[in-house]
Amino acid sequence: MVNVTVDPLTRIEGHQRISAEVDANGVITDAQSSSLIFRGFERILQKHDPRDAAFLTQRICGVCPISHGMAATNALDDLYGVAEHVPKDALVMRNILQGLNMVASHATHIYVLFGPDLANPAYRDVLTTLGDTGNAVWKEMVGRFAPISYKMDGVAVPAGSSYLAAIPEKKRLQEAIALIAGRMPGAASLYPGGYTYPATVADITKLSTYYLEVMDFVSKHTLKVDFNTWIENTYKASSPQKAVSFVTEHLQSLVDKSTTSNDFSKEAGWGDVEFFAAFGSELVGEKLLGLPASLKLDTIGGYKDPSKICFVSYGGYYKPKDGYDPRSPAGDRIFTSGVVTGNLEYLKFDPDKITESTAHSFYSNSSNDLPPTKGETVPFTDPDKIVFTGGSDSQYSWDKAPRYDGIPGEVGPLARMLNIKEPLVTGLALTFAENGYSAANVFTRVLARMQETAILAYELLNWVTVDYEPGGKISVPIDLNAAKNNQGMGLWEAPRGALGHWVSAGSDGKVTNYQCIVPGTWLMSPRDSKGIPGPLEQALIGSKINPVGNLDYTNPIGIYHMGRSYDPCISCAVHTIDLTGKHAPNTLRIL
Amino acid sequence: MKNLVRTLDSVDFLKMDRRTFMKAVGLMGASAFLGTYKADIVKALELAETKLVWLHGSECTGCSESLLNAGNPDILQALQKLNVNLVFHETICAQQGIWNDGKLVNTPELNSELLLEETYKEGNYFLVVEGSIPNGPNGSGRYLVIGNKTFKETLGEAAKNAIAVIAVGACACWGGITSADSDVAKDTDYRGVAFAKTDKNKGMLQELGIDKPVINIPGCPAHPDWILLTLGAVILGKIKLDDIPKVVDEFGRPKVYYPPDHTVHENCPRRGYYDRGEFDVEVGGEKCLWKLGCKAPYSHADCGIRRWNGSVSMCTQAGGPCIACVEPGWPDIARPLYVEREDVGIAGTNIDTIAKGAVVGAAVVAGVHAVRRMKGE
């Protein structure tokens, strides 16, 4: 047994440690996920003007600041009692902002954070033993996904074509956000009751131009099948089976063309999505398409006990009409709220079923798995108690352990796609489950992120060119007195998953309590008081550290993939953890 | 005029005083002026390799995100042209910390901690710090532990062996959002590299007894031009280490981007409304945002000329008040953000100096509102 620890897990937002016990076969038998920082963030909002939250909570995360701004603005809409009256065009502007940020965030994850691992020398060592086909595949992987400042065996490796092309596109998306929000990161335009900037016809034209430029990148690098054809046959497919068939037939035609030529280039029709879809999965690549090798990413990062996991979405993106329901009941949002069980059964989302445990976190109170509104949290102030090596029974993370109805929840693109019953992702999940794989695994998690990016690109065009009408009403006034002795709840979906902000104000209209529960907290959580590991921990346990090739404790690429597949955001996870419902106590809690 | 432009072109604009700065902007046009330095970067060839180590403390990665938004040259071009070897950047690097039974394994090509050890030993690099440094609990620094080391310890090691330190963003400069007043602030005890809020005796380097030149590039986030052009100036040798004190203000900010006598207000796209005394009182309008809490008159930065994200906009242009994110002690000094404040206690600034500035700045159109203030009405 070897303890294999990755600390820090880089190429994520923030600072995270993964510690794993690995047996002689390279299988992880035990694991801990530790968040390494205490920021004490949300306390700074207390005693202040609630409206500051829309600005300041964006500083929780510089990668997805819009999401925090949105969740805060939703909470403030509710606090000031105007959620039902926010004008349609303000909501569409908010959608555009969030959509652009989510696409930028996903693209960053796929190309800058997750992608570089595909250029890891471990894959070279496996693929180059597989003859011309293997060599050709490796050439594509390193040629597309290598990061900057990269060396192998002392030789500098040039950055990949997709990597290099993605960075300017990300910049372009940020620029599009700034056009209607002042700057990015740190949007200035979110305000309760509406939006501060009425985009003009000229802005809309510019946004359309940005859109076309980004789609040009997509057609050159990401997806070689016609974009609309893809959407029609996946997102708009009449059944999950049809969506999966469309994709496998498309991939099969590429395979048939390329196996003799050994040409897996973009020019030969292999966009990054096609490439990943075929070579990322053992089931799709080797068993369905008959490829000689795959990365077997579907064999790692799955859940072994479906009764201990669920997939949670709070609901994101407003429907294009005046007003919305701050409680996000099923169907209120374009990406509906909901819960999917580990066995892929659909449930309605109920925010009252969320509890939190600190049994294995660096807080002094004893956990009782009650709704956090009833708890109190005090961070360790004894430096000697902040220890990350005490094992699974110890307290080992700054993250708490949120649970839905007592069950750990995966949030993010996969959870959202399952909850909206997106045909391709749902179809793939079912296919994996039917074939003895976990429906959720590194492959489906990343593919869901790619598919969601495509869907957002499709929806964004509607929001920009159809739903938004320049010259319409952009805000309704708020009455600052309405906040007095009131509460607000902001449920939203960030790129990484379900995000909630809760605010309470006192008789002076100032914040008495401000709490958030964020995607990273769900995903990276440590064990709870029943000892149930968090989603990442469950994904690790039972998975191999080297899904292909020789066992190498010193290059546990499976751990990198699993950790990064969730797109962790630790700055989010560690400082905004407390969930306070409608009856928040006035006693202030640490975090 | 052509001659003057050429002269200005060869002058290092980081060293300009405000008068020359504004003159240059006027003569060359804002975009041409802001481009001068970039042209130098694009032209730079045959430069010896410069190593850059970018550390993340308690941060949100927003400043790194901002840097990726750099314009022409963009970040990749700049690294190439300036021959910068970005040795380590936690969000970008290929490496990660890899440990077997508590020991570092593999090589610096895959192991970030071995890479950093090697880099510190070799020295001769510029250190960029993004994010603040917790001194708590009880001076231990254990509120942030990366790779089995407190970030406090890591910063000390990295700074000791660096040529100079560039603190990027409000958090690294003075603690930023993490040091905002709260009832846990005493426990967390967050510090900037060379300042804690406005106190230059409580920066983490002073705490550690390390003396290194530090340039502060504040903002929440910092503008990519401010970061990249400062790095460029240092790497191209436009600024010698000994010159640093001459080109920065009392808070370590390059005066050219954060001019002591120039505020965001002066070039705000809504400035005309202020001069006419026309103010928005609800969001979504087009007038001056002063009554919605705008802190632009207190904020020493060139946002109004430079704008953001490819110069497409800026906070006030999009209808959000300026939040003074470049000022020491932010965010406390700027709160409440949406409430008009007569005196936010920013060092060197109060409503009188603003009013005077406004009158001078608005020579053609009388600064009605400002004049009224000066008269004490």
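Chain letters run A, B, ... following the sequence lines, proteins first, then strands; residues in each count from 1.
- For chain B, the nearby parts of A:Leu56 are the backbone and the side chain; heavy atoms of each come within less than 4.5 Å.
- Side chain of B:Thr150 to backbone of B:Arg142: no donor-acceptor contact under 3.5 angstrom is found.
- Under 4.0 Å is where a charged nitrogen must lie from a carboxylate oxygen, and between B:Asp181 and B:Lys197 at least one such pair does.
- For A:Ser475, the part lying under 4.5 angstrom from a heavy atom of chain B is the side chain only.
- A heavy-atom distance below 4.5 Å is not found between the side chains of A:Ile474 and A:Pro87.
- Taking non-hydrogen atoms and a 4.5 Å limit, the residue list of residues 131-141 of chain B in contact with chain A, ordered by number, reads B:Pro137, B:Asn138, B:Ser140.
- Looking at heavy atoms from C-beta onward, A:Ile180 lies in side-chain contact with A:Tyr195 at the 4.5 angstrom threshold.
- Looking at A:Arg51, the atoms closer than 4.5 Å to chain B (heavy atoms on both sides) sit in the backbone and in the side chain alike.
- Looking at A:Leu164, both its backbone and its side chain come within 4.5 Å of chain B, counting heavy atoms on both sides.
- With a 4.5 angstrom heavy-atom cutoff, A:Tyr560 touches chain B only via side-chain atoms.
- Note: A:Thr389 OG1 to B:Asn148 CG = 7.5 Å, rounded to the nearest 0.5 Å.
- Screening residues 61-98 of chain B for ring-ring contact (aromatic ring centres under 6.0 Å, His included), with sequence neighbours left out, gives B:Trp54-B:His89, B:His56-B:His89.
- A:Tyr163 touches chain B through its side chain: at least one heavy atom from C-beta onward sits under 4.5 Å away, while N, CA, C and O do not.
- A side-chain donor-acceptor contact under 3.5 Å links B:Gln95 to the backbone of B:Pro108.
- A salt bridge is absent between B:Asp101 and B:Lys103: the closest approach of a Lys/Arg side-chain nitrogen to an acidic carboxylate oxygen does not fall below 4.0 angstrom.
- Proximity to chain B is limited to the backbone of A:Ile12, based on heavy atoms less than 4.5 angstrom apart.
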Please tabulate, one pair per line, all N/O donor-acceptor pairs under 3.5 Å involving side-chain atoms of residues 112-119 of chain B, not counting sequence neighbours.
from	atom 1	to	atom 2	distance (Å)
B:Ser112	OG	B:Gln96	O	3.4
B:Ser112	OG	B:Gly97	N	2.9
B:Thr119	OG1	B:Leu115	O	2.6

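- Partner of B:Cys322 under the side-chain contact (heavy atoms from CB on, under 4.5 Å) criterion, chosen from B:Cys303, B:Cys315, B:Ser299: B:Ser299.
- Proximity to chain B involves both the backbone and the side chain of A:Pro8, based on heavy atoms less than 4.5 angstrom apart.
- The backbone N or O of A:Leu113 lies less than 3.5 Å from a partner atom in the side chain of A:Arg11, making a donor-acceptor pair.
- Contact check for A:Arg17 versus A:Phe388: side-chain heavy atoms found under the 4.5 Å cut-off.
- Between B:Trp308 and B:His223, the ring-plane angle classifies as tilted under the 30° and 60° cut-offs.
- Along residues 58-68 of chain B, the residues that come nearer than 4.5 angstrom to chain A, judged on non-hydrogen atoms, are B:Ser58, B:Glu59, B:Cys60, B:Thr61, B:Gly62, B:Glu65, B:Ser66, B:Leu68 in order of number.
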